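Reviewing the structure listed below.
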Amino acid sequence: MSSRLCCDAVRWVSDEPFPGWVEVTFTDADGHVWSVFDKPPVFATTDDLTRDSPFPVAVELDCEILSIDQTVVTISTLTPWGVSTADGRSTFTVFAEQLRYGDQSG
């Protein structure tokens, strides 16, 4: 089952490398806000994420569910896009309601 973490694109970082670079944030189950950076198509559910977007923009990040424990879910952001924080973290515990499954849209 495919899953996607609900996040916010908070700023356009750079036009290079093409097609640009964006900062996206999300909050884990402990209340820690994490930032990840990548190309807009990794996060955007449409082609509307551009340097001129009215930030913040609600986006989603594909992820892999590693485990489920009642209302919290441990995920990895390495699959399928290799996304991690600047210090290399890619495993997070989030609330189940922060995830979308299958073909659901925001």
Side-chain angles (χ1 to χ4, degrees):
M1 173 187 325
S2 65
S3 56
R4 297 179 306 278
L5 176 65
C6 296
C7 309
D8 289 307
V10 294
R11 71 183 177 107
W12 189 265
V13 177
S14 174
D15 289 332
E16 297 296 329
F18 180 82
W21 207 248
V22 67
E23 178 181 5
V24 168
T25 63
F26 62 91
T27 304
D28 68 15
D30 293 320
H32 184 90
V33 178
W34 296 96
S35 291
V36 293
F37 300 84
D38 214 312
K39 298 172 194 77
V42 169
F43 306 106
T45 54
T46 68
D47 292 332
D48 294 336
L49 187 58
T50 68
R51 69 179 351 262
D52 299 319
S53 295
F55 293 96
V57 176
V59 296
E60 296 176 351
L61 172 59
D62 291 325
C63 60
E64 175 184 17
I65 293 176
L66 302 177
S67 67
I68 300 172
D69 183 15
Q70 296 184 25
T71 61
V72 295
V73 180
T74 301
I75 61 166
S76 171
T77 57
L78 281 181
T79 303
W81 303 112
V83 175
S84 63
T85 63
D87 64 357
R89 183 173 175 144
S90 60
T91 301
F92 307 93
T93 301
V94 299
F95 291 110
E97 60 263 18
Q98 292 176 259
L99 298 174
R100 300 282 181 259
Y101 303 95
D103 291 331
Q104 292 179 351
S105 59

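Owing to the predicted nature of the structure, the values given are computational and were not obtained by experimental measurement. Hydrogens, waters and symmetry mates play no part in the numbers below; they use all other heavy atoms, side chains included.
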Hey, is the main chain of [Y] close enough, under 3.5 Å, to the side chain of [X] for a donor-acceptor pair?
| X | Y | result |
| --- | --- | --- |
| Gln98 | Thr27 | yes |
| Arg89 | Thr91 | yes |
| Trp12 | Ser14 | yes |
| Ser76 | Glu64 | no |
| Asp28 | Asp30 | yes |

Provide the closest heavy-atom pair for [X] versus [Y] in the form atom of the first, atom of the second, distance.
| X | Y | result |
| --- | --- | --- |
| Lys39 | Pro19 | CD-CD, 3.7 Å |
| Tyr101 | Ser3 | CD2-CB, 4.0 Å |
| Val83 | Asp38 | CG2-OD2, 3.6 Å |
| Val13 | Glu23 | CG2-N, 3.7 Å |
| Val24 | Cys7 | CG1-CB, 3.3 Å |
| Gly20 | Pro40 | O-CD, 3.4 Å |

Same apolar cluster: [X] and [Y], side chain cutoff 4.5 Å:
| X | Y | result |
| --- | --- | --- |
| Val59 | Trp21 | no |
| Val36 | Leu78 | no |
| Val94 | Ile65 | yes |

Enter the distance from Phe26:CZ to His32:NE2 here, rounded to the nearest 0.5 Å.
8.5 Å
Taking C-beta and beyond as the side chain, do [X] and [Y] meet within less than 4.5 Å on heavy atoms?
| X | Y | value |
| --- | --- | --- |
| Arg11 | Phe37 | yes |
| Leu61 | Thr77 | yes |
| Ile75 | Phe92 | yes |
| Val57 | Phe43 | no |
| Leu99 | Leu5 | yes |

Neighbour count above 12 (heavy atom, 6.0 Å) for Trp34 CH2:
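Yes, enclosed.
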Quick one, Thr50 with Asp52, criterion side-chain hydrogen bond (donor to acceptor under 3.5 Å, both in side chains). Give me CA distance, side-chain angles, the key distance, then yes/no.
CA-CA 5 Å; Thr50 68; Asp52 299 319; 4.8 Å; no
